[in-house]
Amino acid sequence: MQKEMSGNQIRQQFIDFFVNKGHTAVRSASLVPAGDKTLLFTNAGMVQFKDIFLGTDKRSYTRACDSQKCMRVAGKHNDLDDVGRDDSHHTFFEMLGNWSFGDYYKEEAISWAWELLTEVWKLDKDKLWTTCFQDDRGEIQPDSEAYEIWKKQPGINPEHVLFFGRKENFWEMADTGPCGPCSEIHIDLGPERCNKKNVPGHICRVNGDCSRYMELWNLVFIQYNRLNAETLVPLSQQFVDTGMGFERIVSVLQKTDSNYKTDLFSKMMSTIRQIAGTNLEQMHQNFTPYRVIADHARAASFLIADGVVPGNIGRNYVCRMIIRRAVRFGQQIGIKKPFMDKVAESVIESYKDAYPELAQMRSSILNAISWEENRFNKTLDNGIAQLNEIITLMKENRQTIVDGETCFDLYSTHGLPLEITFDIVREYGFDVDRNGFQKAAETHRIVSGGGKAMGQMGGEDADIYAMYLDHLKDQGLLTSDGVRYNPYDHHPIPSKLILLIHDKENVSEINEGDEAEVITDSTNFYLEMGGQVSDTGTIQGIGSDFLFEVTSIRRPCAGLIIHQGRVLKGNAKTGSEVMVAVDGNRRHDIMRNHTATHLLHAALHQVIGNQARQAGSLVAPDRLRFDFNSNQALTSEQIAEIEDIVNQKILDAIPVTTQIENLDDAIQEGVTALFNEKYGNEVRVVRIGLDQDDVISAELCGGTHVSNTSEIGLFMILSESSVATGIRRIEAVSGTVANVLSRKKISELREMSAILNVPMDGVLDRVDELQDQNHKAQKEITDLRNEIALKDFSEKMNQVQKIQDINFLGIHIPDVNPDTLRMMADKFRDENENAVAIFSTISDEKVVLIATVKESVIKRGIKAGDIVSSASSVVGGKGGGRPTMAQGGGKEIDKIPEALKAAEAYVKGKIN
RNA sequence: GGGCCUGUAGCGCAGUUGGGAGCGCGCUUCAAUCGCACUGAAGAGGUCGGGGGUUCGAAUCCCCCCAGGUCCA
């Protein structure tokens with residue numbers, strides 16, 4: 001009996017097997033799909049090769065194999081809530097795949113798959129079943145080719161080769177685009193694995209819905225291009241795209257009845273048991289929480305390693321959600337303290353050899369998970385406080401069921417999950433309305449989500465341009481590599497017009513005023529990539545007055561680079577000799593900003609640590625923008641420190657060099673690679689440093705850079721702000737823009753110093769001093785005014801009228817603010833028996849009225865609010881307040897005496 | 001991308017149909033003590049996140065923006 005293989009060995013055997021068959025082993029792409037806004041996460045092995053199928057990109061190899069990190073947690077196939085309930089679902093998983101790009105086809109794909117499973121891995125041939133495509137609608141040809149190939153595999157049971165229809169065996173990427181039939185390999189795990197034994201009439205079979213037969217491997221044969229719902233046309237190139245669920249095959253080979261019982265998960269599981277204080281038997285009796293925690297800890301670790309930190313938006317939110325969900329399941333098995341970082345540690349241990357980024361990002365992973373766990377606890381505390389208020393109210397109202405909307409509000413607004421709400425109210429003998437909750441959740445989903453459909457796949461017009469490209473190659477105008485592209489030297493280069501497009505038509509001539517697309521046989525215009533914007537410039541005729549303004553650049557398909565713009569002068573025909581001229585000043589500004597961005601990145605690491613990973617970047621001629629992972633705002637000291645570091649590196653005049661290296665070597669060496677970029681096996685490394693031992697920054701980067709940091713001139717940070725939870729943004733300028741800006745700021749300072757009549761470095765102190773003086777003066781003015789007004793007021797107190805036993809005073813007091821007026825009213829009320837008063841003044845060219853009434857008088861039906869109302873209606877306004885004190889006003893200043901009389905009349909009327 | 005909640009003194013918070021901006025802790029000074037802690041008295045400190053609008057009057061109502069939280073895509 002052969003010793004059982006570890007998961008890591010199985011993965012390696014797969015790769016080795018296909019490398020021996022001439023395949024290039026490719027690294028797993030990031031979980032964040034590069035340049036693909038239609039996808040939240042990489043969810044299949046083909047994602048990193050999509051552009052090859054679409055014809056917009058090409059690679060140096062035609063056979064590849066890999067183990068691809070995948071996440072299936074959002075979108076149409078969101079089975080997050082099912083993860084943990086069974087033994088085969090995962091949020092994160094690995095997909096093993098082998099690929100042919102216009103190389104081998106069905107014959108090899110099928111026989112190699114059979115060979116690996118039955119010869120290398122020695123699976124029982126009688127237990128294997130395979131399926132081929134036969135159209136249930138009878139429109140597409142059946143894949144009898146695959147059928148015949150399967151039947152001749154050594155040792156196969158011919159009765160185990162079956163046909164199925166479109167649902168199972170026809171693969172399509174989207175509504176249009178590359179597609180084709182597929183063949184699946186299923187394994188019979190034995191009758192005891194059926195989970196439908198109790199269902200009457202159930203028969204176990206392939207593609208039945210019980211768990212006895214399991215799909216192992218899907219071999220997709222891409223041979224058609226779907227133009228619309230009815231039309232398929234054959235592709236000129238054929239592709240093989242296969243995918244085998246790694247956890248499944250490990251489970252089969254290790255003869256376990258659960259993916260979660262393989263050695264891939266054993267370290268995590270024992271860690272969880274250790275924390276929960278349970279044994280193996282207890283775990284298997286209540287397996288769900290353990291599966292959830294292990295799955296989610298694994299997913300979160302891989303996500304964070306790819307730069308997806310927990311947050312409140314998009315991918316980041318998914319990361320948060322799975323961490324929080326795992327924590328809740330932890331609570332279910334009695335774990336009270338934060339624990340997820342310990343599970344994550346086991347994940348790193350189990351996977352670091354196959355995925356070194358886990359070890360590299362170890363501290364970031366553990367920190368981010370702990371941080372999120374703590375934040376979740378804070379959120380829960382908050383939500384529970386809200387809930388307690390609700391419980392108090394319910395007790396008063398003698399309610400015992402928390403209605404669905406309230407439960408959902410606690411969840412959606414305060415982050416308190418329904419189950420926790422239930423746990424808490426249960427202690428009071430209350431219940432929750434689960435149906436109401438679901439209904440509210442559904443409403444919320446519709447209100448907040450619905451509108452946005454997935455974007456287009458891209459490459460819609462790739463076919464047309466691919467056709468042009470083929471044509472140009474046939475004519476010998478282009479080599480097989482397409483347009484010669486070298487953006488790293490930006491001096492004008494001679495070239496030839498080989499294709500002109502005007503109004504979407506191929507034309508032989510373009511004329512003054514035409515908007516057109518111009519293709520030359522070579523170009524050095526930079527094509528937007530890695531955050532650096534495209535170049536602009538001109539294309540000029542040699543020996544003619546032709547002048548074309550290039551406003552943007554694009555690459556509709558691999559090998560074809562298009563200058564878009566307008567003919568400013570003259571005309572040109574295809575075949576003309578031209579000079580392709582990048583706007584050099586603009587390019588130089590961009591280069592300065594790009595190198596400055598690398599220096600900024602390095603300085604950030606120095607100041608706040610390596611967790612400040614790049615999360616996005618824009619390099620334009622007039623500014624640069626840099627987003628990075630961080631949980632808190634930078635202090636002004638940190639910003640200054642970063643600026644100083646960058647500017648010091650500029651003063652140090654450090655050389656910037658670029659070098660083409662092997663991707664694995666570069667990663668090994670610790671070169672910074674960005675999670676959302678796509679890299680081939682050959683990568684360009686940009687280094688800033690005096691020599692090999694003194695490298696300040698080394699990044700994988702296709703952008704253009706200055707050759708020495710001193711060219712940057714000056715670097716200034718303009719702002720630091722928040723983009724989303726856990727992500728901050730720095731905006732900065734360098735070079736000419738920084739010069740202009742600093743000159744402007746200094747001249748402003750100079751003007752200020754002239755106005756304040758102090759030296760420039762004394763401006764700050766002077767402003768401080770002035771502000772202080774102003775504050776004091778304002779206060780003194782207020783005090784003096786009050787003093788004067790009160791003195792004045794005392795004199796006017798003798799104007800008090802006796803209305804029966806009431807002391808009434810209705811006077812106008814000029815030059816006081818409403819606050820002082822109120823103070824006087826208080827004073828009058830306090831110092832007089834049965835006091836009733838109304839005062840007026842003018843503030844902001846409007847009438848202000850204040851009335852006051854002593855408690856003893858209120859009982860007799862006289863309220864301050866009513867007095868003010870009667871007076872303010874005279875001056876064209878309104879008023880109100882409390883019985884003892886009320887305010888009002890109006891706009892008609894000249895009617896003030898009349899208003900005061902009206903108030904007096906009101907009081908008299910009430911008394912008599 | 002969208003829904004909801006929050007933003008008031010250094011910190012934690014109250015502010016109930018729109019009408020005097022407050023509480024606790026902390027801070028300053030004084031008293032008491034050999035000194036500290038405790039205690040007592042007095043006091044400083046606020047663009048009520050920012051900007052518009054409605055109103056005689058906005059922390060309070062409406063709109064926009066910013067920041068934080070939370071949920072859905």
Side-chain angles (χ1 to χ4, degrees), chain A residues 37-40 73-76 78 80 310-318 320-321 324-325 372 375-376 378-383 385-386 405-418 437 440-455 631-633 719-729 771 775-776 778-779 817-827 829 840-852 863-865 868-869 871-893 895-896 899:
Chain A
K37 292 184 177 61
T38 65
L39 267 182
L40 203 55
V73 70
K76 219 184 340 181
N78 183 358
L80 175 66
N312 58 352
I313 289 171
R315 299 181 178 112
N316 305 83
Y317 180 67
V318 172
R320 156 180 289 182
M321 190 166 61
R324 293 189 172 195
R325 191 157 177 270
E372 182 57 32
R375 185 152 44 184
F376 184 41
K378 271 186 203 156
T379 298
L380 290 185
D381 287 346
N382 235 316
Q386 296 279 336
E405 276 184 31
T406 305
C407 289
F408 186 72
D409 181 65
L410 281 167
Y411 175 59
S412 68
T413 305
H414 302 106
L416 193 71
L418 181 65
F437 181 91
E442 187 53 34
T443 310
H444 177 61
R445 220 185 312 280
I446 292 163
V447 168
S448 63
K452 227 187 78 175
M454 282 292 189
N631 285 324
Q632 45 200 334
S719 71
E720 193 268 356
S721 59
S722 146
V723 186
T725 303
I727 300 174
R728 312 284 314 175
R729 169 172 294 175
Q771 214 167 21
H775 198 242
K776 279 184 184 146
Q778 283 298 338
K779 203 167 171 192
N817 60 35
D819 279 343
T820 310
L821 206 60
R822 203 155 37 219
M823 215 172 64
M824 290 171 176
D826 281 345
K827 185 177 158 70
R829 191 184 55 209
S840 65
T841 191
I842 296 166
S843 174
D844 283 344
E845 299 183 19
K846 276 188 241 169
V847 183
V848 176
L849 294 164
I850 290 197
T852 183
K863 290 185 203 142
V868 160
S869 294
S872 51
S873 64
V874 176
V875 290
K878 282 181 286 189
R882 287 168 303 190
T884 54
M885 168 68 72
Q887 300 179 25
K891 287 173 177 164
E892 296 166 41
I893 294 170
K895 287 191 178 161
I896 290 176

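Letters A, B, ... mirror the listed sequences (proteins, then strands); counts begin at 1.
- In summary, A:Arg829 and A:Asp826 engage in a salt bridge, as defined by a charged side-chain N under 4.0 Å from a carboxylate O.
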Inset, instruction - Report the C-alpha separation of A:Leu849 and A:Val875 in whole Å, then their side-chain angles, then the decisive distance to 0.1 Å, and conclude whether the side-chain contact (heavy atoms from CB on, under 4.5 Å) test is met. - result: CA-CA 10 Å; A:Leu849 294 164; A:Val875 290; 4.2 Å; yes
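- Nucleotides B:C13 and B:C4 have their P atoms positioned 24 Å apart, rounded to a whole Å.
- By the side chain to side chain donor-acceptor pair (under 3.5 Å) test, A:Thr413 is found to be paired with A:Asp409, residues two or more places apart in sequence or in another chain being considered.
- Rounded to the nearest Å, the gap between the P atom of B:G51 and that of B:U39 is 40 Å.
- Neither OP1 nor OP2 of B:G68 sits under 4.0 Å from any side-chain N or O of A:Arg375.
- In this view, A:Ser869 satisfies the side chain to side chain donor-acceptor pair (under 3.5 Å) rule with no residue, not counting sequence neighbours.
- Taking atom P in both B:U33 and B:G24, the straight-line distance is 27 Å, to the nearest Å.
- Protein atom CG of A:Leu416 is 12 Å distant from nucleotide atom P of B:U70, rounded to whole Å.
- When the P atom of B:U70 is taken as reference, atom CZ of A:Phe376 falls 10 Å away, rounded to whole Å.
- Annotation: the span from A:Leu380 atom CG to A:Leu416 atom CG amounts to 6.0 Å, rounded to 0.5 Å.
- Distance check on atom P: B:C23 versus B:G40 gives 16 Å, rounded to whole Å.
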Any protein N or O atoms within reach of nucleotides 3-5 of chain B? Criterion: under 3.5 Å, listing atom names and distances.
unit_1, atom_1, unit_2, atom_2, d
B:G3, N2, A:Ser412, O, 2.9
B:C4, O2', A:Thr413, OG1, 2.9

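- Here the P atom of nucleotide B:C72 and the CZ atom of A:Arg324 are 11 Å apart, to the nearest Å.
- Taking the salt bridge (charged side-chain N to carboxylate O under 4.0 Å, His left out) definition, one finds that A:Lys863 meets it with nothing, sequence neighbours left out.
- Using a 4.0 Å cut-off, no side-chain N or O of A:Tyr317 falls inside it from OP1 or OP2 of B:U70.
- A 3.5 Å limit on both hydrogen-bonding distances identifies no Watson-Crick or G-U partner for B:A73.
- Minimum heavy-atom separation, A:Ile896 to A:Ser840: CG2-OG, 3.2 Å.
- Residue A:Phe408 contributes atom CZ, which lies 15 Å from atom P of B:U70 at whole-angstrom precision.
- Taking each heavy atom of A:Ala825 and A:Met885 in turn, the nearest pair found is CB-CE, 4.3 Å.
- Between the CE atom of A:Met885 and the P atom of B:A21 there is a distance of 11 Å, given to the nearest Å.
- Searching all strands for a Watson-Crick or G-U wobble partner of B:A67 with both distances below 3.5 Å returns B:U6.
- Scanning both residues, A:Pro417 and A:Phe376, for their nearest heavy atoms gives CG-CZ, 4.3 Å.
- Regarding A:Arg320, its CZ atom lies at a distance of 15 Å from the P atom of B:A73, rounded to whole Å.
- B:G18 and B:C56 have their P atoms separated by 16 Å, with the value rounded to a whole Å.
- Comparing atom distances between the A:Arg728 side chain and each of B:C72, B:U70, B:G68 picks out B:G68 as nearest.
- B:A32 is unpaired under the criterion used here, namely a Watson-Crick or G-U wobble arrangement in which both key atom distances are under 3.5 Å.
- With a cut-off of 3.5 Å on both Watson-Crick or G-U wobble distances, the partner of B:C27 is given as B:G43.
- The side chain of A:Arg822 lies closest to B:G20 when the candidates are B:A73, B:U70, B:G20.
- With both pairing distances under 3.5 Å, B:G22 is matched to B:C13 as a Watson-Crick or G-U wobble pair.
- Remark: A:Glu372 CD to A:Arg324 CZ distance equals 4.5 Å, nearest 0.5 Å.
- The shortest distance between the side-chain N/O atoms of A:Thr379 and the OP1/OP2 oxygens of B:U70 is below 4.0 Å.
- Nucleotides B:G15 and B:C61 have their P atoms positioned 12 Å apart, rounded to a whole Å.
- The NZ atom of A:Lys827 sits 18 Å away from the C1' atom of B:G20 (whole-angstrom rounding).
- Taking atom CG of residue A:Leu418 and atom P of nucleotide B:C71, one finds them 14 Å apart after rounding to whole Å.
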Which pairs, protein N/O on one side and nucleotides 55-60 of chain B N/O on the other, fall under 3.5 Å?
unit_1, atom_1, unit_2, atom_2, d
B:C56, O3', A:Lys846, NZ, 3.4
B:C56, N1, A:Lys878, O, 3.4
B:C56, O2, A:Gly889, N, 3.3
B:C56, N3, A:Lys878, O, 2.9
B:C56, N4, A:Gly879, N, 3.4
B:G57, OP1, A:Lys846, NZ, 2.6

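- Here, B:U8 and B:U60 have their P atoms 14 Å apart, quoted to the whole Å.
- As rounded to the nearest Å, B:A59 and B:G7 have P atoms that lie 15 Å from one another.
- For A:Glu405, there are no side chain to side chain donor-acceptor pair (under 3.5 Å) partners at least two apart in sequence or on another chain.
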